[in-house]
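Let me begin by presenting the structure, written as structure tokens, before commenting on it.
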There are 2 protein chains.
Amino acid sequence: MPDQEGHPDEDEMTLGSLLQALADPLRRSVIRALAAEPDGTERHCTSFGLTVSKATRTHHFRVLREAGLIRQVDRGNSRMAQLRRAEIERRFPGLLALVLNERQPAAGVTAE
Amino acid sequence: MPDQEGHPDEDEMTLGSLLQALADPLRRSVIRALAAEPDGTERHCTSFGLTVSKATRTHHFRVLREAGLIRQVDRGNSRMAQLRRAEIERRFPGLLALVLNERQPAAGVTAE
DNA sequence: ATCAAGGTACGCTTTACATCATACCTTCAA
DNA sequence: TTGAAGGTATGATGTAAAGCGTACCTTGAT
């Protein structure tokens, strides 16, 4: 599996890129879904029900990864996504809570 | 002074538009400057030292206003900006703190 | 009444981004 | 080893957003 760069260290995360990544409702829904799981949970990238093409999905997960929100781990054939909860919380306390408390039905995700 | 629409109510603020508004470093700097002042402070739109044209400045303040971050008040010839601190805090607790705590390199100055 | 100053609106350019289709690479299972 | 499945890279497209200049409208001076 090619190209796995772009996992910034905790102190390399910038508020700008985090906010930019979270400005997209699709990406927020991914983070919300991940955060709803127990800490350390790995989820298959296709398991979020995003109604976009493969290429677009790759794009969004790349943005999340490069912002530092998720960690992507290769598991044989697939690449799993994991929320970098503790690091995000240390670096920008309260940021995740904001996304979690959003009372907004997911956009772009399979409808309600 | 024309067009003063777009002051959403507190419960009309959406996380999406707030994040989008705050994704821009210029707009974050305005919010940071406002938040550094005592609550209720009104500041002249030109007092932030933004290095953009008048038209662009108007644009950014409009985004901030329509997201619900600031309130714009006409004072004779000028239009003053005021942070909607309490409302933002009630609606999305912790959001402002995130912006405030951002360690921001000076604009136009490289390196630390 | 006139005019400079503060803001906005409009039109335009340029850049960034979300999206897709296609082609390709890797892994695992027939 | 052949092929299906999961991901990525690339290139193209449409749209949104940032930026500017200019023209115009207020307001408060002169």
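Order of the sequence lines sets the chain letters (A, B, ...), proteins ahead of strands, with each chain counted from 1. None of these values were measured; they are calculated from a predicted model.
- The nearest heavy atom of DNA chain D to B:A55 and to B:H59 marks one nucleotide each, and the one closer to the 5' end goes with B:H59.
- Rounded to whole Å, the distance from CZ on B:F61 to P on C:dG6 is 14 Å.
- Distance A:K54 NZ to D:dA4 C1': 11 Å, rounded to the nearest Å.
- Here the P atom of nucleotide C:dC17 and the CG atom of B:D24 are 11 Å apart, to the nearest Å.
- When the C1' atom of D:dG6 is taken as reference, atom NE2 of A:H60 falls 18 Å away, rounded to whole Å.
- Nearest-nucleotide positions on DNA chain C place B:M80 closer to the 5' end than the other of B:M80 and A:V63.
- In this structure A:E87 satisfies the salt bridge (Lys or Arg N to Asp or Glu O under 4.0 Å) test together with A:R71, A:R84, sequence neighbours excluded.
- When heavy atoms are screened at a 4.0 angstrom cut-off, A:R27 is found touching the sugar-phosphate backbone but no base atom.
- The CG-P distance, from A:L50 to D:dG6, rounds to 15 Å in whole Å.
- Within the model, atoms CD1 of B:I31 and CZ of B:F48 stand 8.0 Å from one another, a figure rounded to the nearest 0.5 Å.
- Using a 3.5 Å distance cut-off with no hydrogens or angles, the side chains of A:R79 and A:Q72 do not pair a donor with an acceptor.
- The shortest distance between the side-chain N/O atoms of A:R62 and the OP1/OP2 oxygens of D:dA9 is below 4.0 Å.
- In this structure, the separation between OG1 on B:T51 and CG on B:L26 is 6.5 Å, given to the nearest 0.5 Å.
- For the pair A:R79 CZ and C:dT27 C1', the interatomic distance rounds to 13 Å; values are reported in whole Å.
- The phosphate of D:dG19 (OP1 or OP2) has no side-chain N or O of B:T56 nearer than 4.0 angstrom.
- Distance B:F48 CZ to C:dG7 P: 11 Å, rounded to the nearest Å.
- Under the rule for a salt bridge (Lys or Arg N to Asp or Glu O under 4.0 Å), the partners of A:D39 that lie at least two apart in sequence or sit in another chain are A:R85.
- Residues of residues 15-22 of chain A that place a heavy atom closer than 4.0 Å to DNA chain C, in numerical order, are A:Q20.
- Straight-line distance from the CZ atom of B:R57 to the C1' atom of C:dA9: 15 Å, rounded to whole Å.
- For the side chain to side chain contact (heavy atoms under 4.5 Å, CB included) with A:L34, the qualifying choice from A:L69, A:L64, A:I70, A:T41 is A:I70, the only one to do so.
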